[in-house]
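Since the structure is predicted, the reported quantities are computational estimates derived from the model, not experimental observations. To find a chain, count down the sequence lines: A is the first, B the second, and so on, and within it residues start at 1.
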Protein chains: 2
Amino acid sequence: MAENELKTRGVAPLSEKHRPGAPAVAATGKPKRTNNPQAMRARILDVGADLFQRHGYNATSMHDVVRAAGTTGGALHHHFATKKSLGLAVIAERVAPEVEATAIQPVSNASSAASGIRAVFNGVADTLEHNRAVTGCPLNNLALELSLADPDFREAVNAVFDRWRAALSFRLHADHPEMDEARAHDLATLVVASYSGAMAMAKTSQSAAPLRACATQLETLLRRT
Amino acid sequence: MAENELKTRGVAPLSEKHRPGAPAVAATGKPKRTNNPQAMRARILDVGADLFQRHGYNATSMHDVVRAAGTTGGALHHHFATKKSLGLAVIAERVAPEVEATAIQPVSNASSAASGIRAVFNGVADTLEHNRAVTGCPLNNLALELSLADPDFREAVNAVFDRWRAALSFRLHADHPEMDEARAHDLATLVVASYSGAMAMAKTSQSAAPLRACATQLETLLRRT
DNA sequence: TTAATAAAAGACCGGTTGTCCTGTTTTGTC
DNA sequence: GACAAAACAGGACAACCGGTCTTTTATTAA
């Protein structure tokens, strides 16, 4: 803390030699650069979400993000000073909305909790079968890799899990007012857990079958409730 | 293949200067070294399983393994030439037996499938509550991180998942001969998936509650079968 | 006793990591 | 049109990565 002022670790500027940041355009009237911070930020987030999803957080380097986003290290650093800040932003601005759209809203809007849950499982299974590789649930991927490594990550992921479970629990209670809250809570936990686990199995088996199996069994459980 | 004989990329031995491998003992009759390949191999595997479990595969360096095992890079390289070979050995010789002991055998030996499954879930929950940190299911951790990265890892993890599900399915069918095989298979998938997912939720919430919730709900489902 | 082999040690390699710094260009405001 | 701040460019940088290497030491077979 006290040695900050001694942190002159950079090299003294070699007047002539050191020229970082070459001119964006030599002399012609080329496109130069288009300042568009929102689009740049969005593109970095998209690329980050995609790479973290496909290769994992630790296996993705900042350079990978720079290359895939077609940008530069300076731009990346401007928007996200550290890898961790990019990771947290990806969770909050990409993963959480995706969970909201693909898993929470369909259940909230369905005619019943049971049919909504089945629709979500089978809908995701359909999507998986259309794609080439099963990359798993983005939330689950990041949860397992990062929740022990850093409390901030753990908190961020946990918030999404909680939101999801709470929404399910609310819908179950709405469908079945006679069901006590603890039961609804446990049931919602089972649904979320089996979705996460089924996605893990789907990833390792590269098949949507585990999702279909869980959808079937969960429905019989929910229908008898 | 044909350029093997030209592979003299090493530096010419600088007679006096180049002395890798300092003498293990200076001049005294110290313990020097104890040759015990099996114990060394076992220790490396134990340490590797522990570190991969707590920090993840990619976040664990070979140097971390060397340090934690109290050995040297040479010894590690002798037993496991690459990080991947260590990873595969950890799965085959540590993770798979652990799954066998903690999740498969208790169900096979229980008085019924339902009670065995409940015992496994609650037993693991008890263990988690005794430990400080919930590090999650080792199989699940490695599955999510590596199954997309490398086909060999995917195969290894998938084999464990399949073995587990097959054992559950067999026990369910033995308990309920009237149940058709597809149902038993799907039910077993749901149990494995909910275990994996519950462990993921337990890890992010640092609590054993998700496991207990799933145990309760799964039991009501199985008892009504 | 000697020769051969297996086990262990640790220096070392090229490459990559995440971070940060110094400039240049664009944009908004007066 | 001046000018400060934001947006972006491009590379520097030390620390570290996984992996290979040669040498030393212990064990075992002949």
4.5 Å side-chain heavy-atom contact, B/Asp150 and B/Lys84:
yes
Expected list for residues 79-90 of chain B near DNA chain D, using heavy atoms below 4.0 Å, is B/Ala81, B/Thr82, B/Lys83
Spatial distance of atom CE (A/Met201) from atom CZ (B/Arg165) [nearest 0.5 Å]:
4.5 Å
Under 4.0 Å from any atom of DNA chain D, heavy atoms only: list the residues of residues 55-74 of chain B that qualify, in numerical order.
B/Thr60, B/Ser61, B/Met62
So A/Trp164 and A/Glu100, do their side chains get closer than 4.5 Å, heavy atoms only?
no
A/Arg41 CZ to D/dC8 P, straight-line distance once rounded to whole Å
12 Å
Answer whether the closest heavy-atom distance between the side chains of B/His55 and B/Asp64 falls below 4.5 Å.
no
Given atom CD1 of A/Ile44 and atom C1' of D/dA9, what is their separation to the nearest angstrom?
13 Å
Can you confirm whether A/Cys214 sits close enough to A/Tyr195 that some side-chain heavy atom of one is under 4.5 Å from a side-chain heavy atom of the other?
no
Name the one of A/Val192, A/Thr189, A/Leu190, A/Asp186 that satisfies side chain to side chain contact (heavy atoms under 4.5 Å, CB included) with B/Pro210?
A/Thr189
Please report the distance, rounded to the nearest Å, between CE in A/Met40 and C1' in C/dT25.
13 Å
Carboxylate-amine/guanidinium proximity below 4.0 Å for A/Glu145 and B/Lys203
no
Without decimals, in angstroms, what is the distance between A/His78 NE2 and D/dA5 P?
14 Å
Show every side chain to side chain donor-acceptor pair (under 3.5 Å) that has at least one partner inside residues 130-140 of chain B, sequence neighbours left out.
B/Gln53-B/Thr135
For atom CD of A/Gln38 and atom P of C/dT27, their distance in whole Å
13 Å
Figure out the NE2/P separation between A/His77 and C/dT17, and round it to whole Å.
18 Å
